[in-house]
Amino acid sequence: QVQLSESGGSVVQAGDSLRLSCAASSQTAGRYTMGWFRQAPGKDREFVGAIDSTGGSAYYADSVRGRFIVSRDAWRTVHLQMNTLKPEDTAIYYCAASSSVRVTFARDYPYWGQGTQVTVSS
């Protein structure tokens, strides 16, 4: 069992940067791929980015590639560095943990945090 807790959400302006963090409750998280997803009002939850258990490979949605960076501090914390934010990045951001080789599907992640709100004003 892995418990996850996100932090760092805020209200920012377009063009600003923001860093989200996800803290894991146990070293077990070090064996999992860690993903970031987001959900805007009225929309489905969508994949943002993920990093494998070693931290050696990262994956991104086309909409954020080149602007967002996923990193991890061993098992304890995963970060989502968001640069050049746009109003369309406004959403609740969730971190999740998975042992699946597939990283972009929310249904493959059994462990989720409670989410943190990011609002980007124009």
*Asks:* With under 30° as parallel and over 60° as perpendicular, where do the rings of W112 and F37 fit, or are they tilted in between?
*Replies:* tilted
*Asks:* Is R65 salt-bridged to D62, cutoff N-O under 4.0 Å?
*Replies:* yes
*Asks:* For the backbone of R102 and the side chain of S100, can you confirm whether one donor and one acceptor N or O come within less than 3.5 Å of each other?
*Replies:* yes
*Asks:* Any donor and acceptor pair, going by atom type alone, linking the side chain of T90 with main-chain N or O of V120 inside 3.5 Å?
*Replies:* yes
*Asks:* Is R72 reaching over with its side chain to a backbone N or O of T77, donor-acceptor style, under 3.5 angstrom?
*Replies:*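 No.
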*Asks:* Apply side-chain hydrogen bond (donor to acceptor under 3.5 Å, both in side chains) to N83 and list each qualifying residue two or more places apart in sequence or on a separate chain.
*Replies:* S17, Q81
*Asks:* Just how far is it from atom CZ of R19 to atom CD1 of I69, taken to the nearest 0.5 Å?
*Replies:*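 It is 10.5 Å, given to the nearest 0.5 Å.
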*Asks:* If the condition is side-chain hydrogen bond (donor to acceptor under 3.5 Å, both in side chains), which residues does Y93 pass it with, not counting sequence neighbours?
*Replies:* R38
*Asks:* Does T33 use its side chain to pair, donor to acceptor, with the backbone of D52 at less than 3.5 Å?
*Replies:*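 Judged by distance alone, no pair lies under 3.5 Å.
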*Asks:* Mind checking whether Y60 and L20 sit in one hydrophobic cluster, side chains of I, L, V, M, F, W, Y counted as touching below 4.5 Å?
*Replies:*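 Yes, Y60 and L20 fall within the same hydrophobic cluster.
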*Asks:* Can you confirm whether the side chains of S21 and H79 place a donor and an acceptor under 3.5 Å from each other?
*Replies:* yes
*Asks:* Let me confirm one number: the CG-OG distance from L4 to S25, rounded to the nearest 0.5 Å.
*Replies:* 7.0 Å
*Asks:* Does any N or O in the side chain of E6 come within less than 3.5 Å of the main-chain N or O of C95, such that one atom is a donor and the other an acceptor?
*Replies:* yes
*Asks:* Does atom CZ of R76 have more than 12 heavy-atom neighbours, drawn from other residues, nucleotides or ligands, at distances under 6.0 Å?
*Replies:* no
*Asks:* Yes or no on side chain to side chain contact (heavy atoms under 4.5 Å, CB included) for Q3 and Y111, after CA distance, side-chain angles and deciding distance?
*Replies:* CA-CA 7 Å; Q3 293 182 323; Y111 305 111; over 6 Å; no
*Asks:* Can any side-chain N or O of R31 pair as donor or acceptor with the backbone N or O of Q27 at less than 3.5 Å?
*Replies:*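 Not a single qualifying donor-acceptor pair exists.
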*Asks:* Could you give the distance from OG (S71) to CG (L80), rounded to the nearest 0.5 Å?
*Replies:*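 Atom-to-atom, S71:OG and L80:CG are 8.5 Å apart.
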*Asks:* Check for a donor-acceptor pair, side chain of S98 on one end and backbone N or O of D108 on the other, with a separation under 3.5 Å.
*Replies:* yes
*Asks:* Testing D16, V64, V118 one by one against M82 for a side-chain contact (heavy atoms from CB on, under 4.5 Å), which residue passes?
*Replies:* V118
*Asks:* Looking only at atom types and distance, does a side-chain atom of Y109 sit under 3.5 Å from a main-chain N or O of V103, one as donor and one as acceptor?
*Replies:* yes
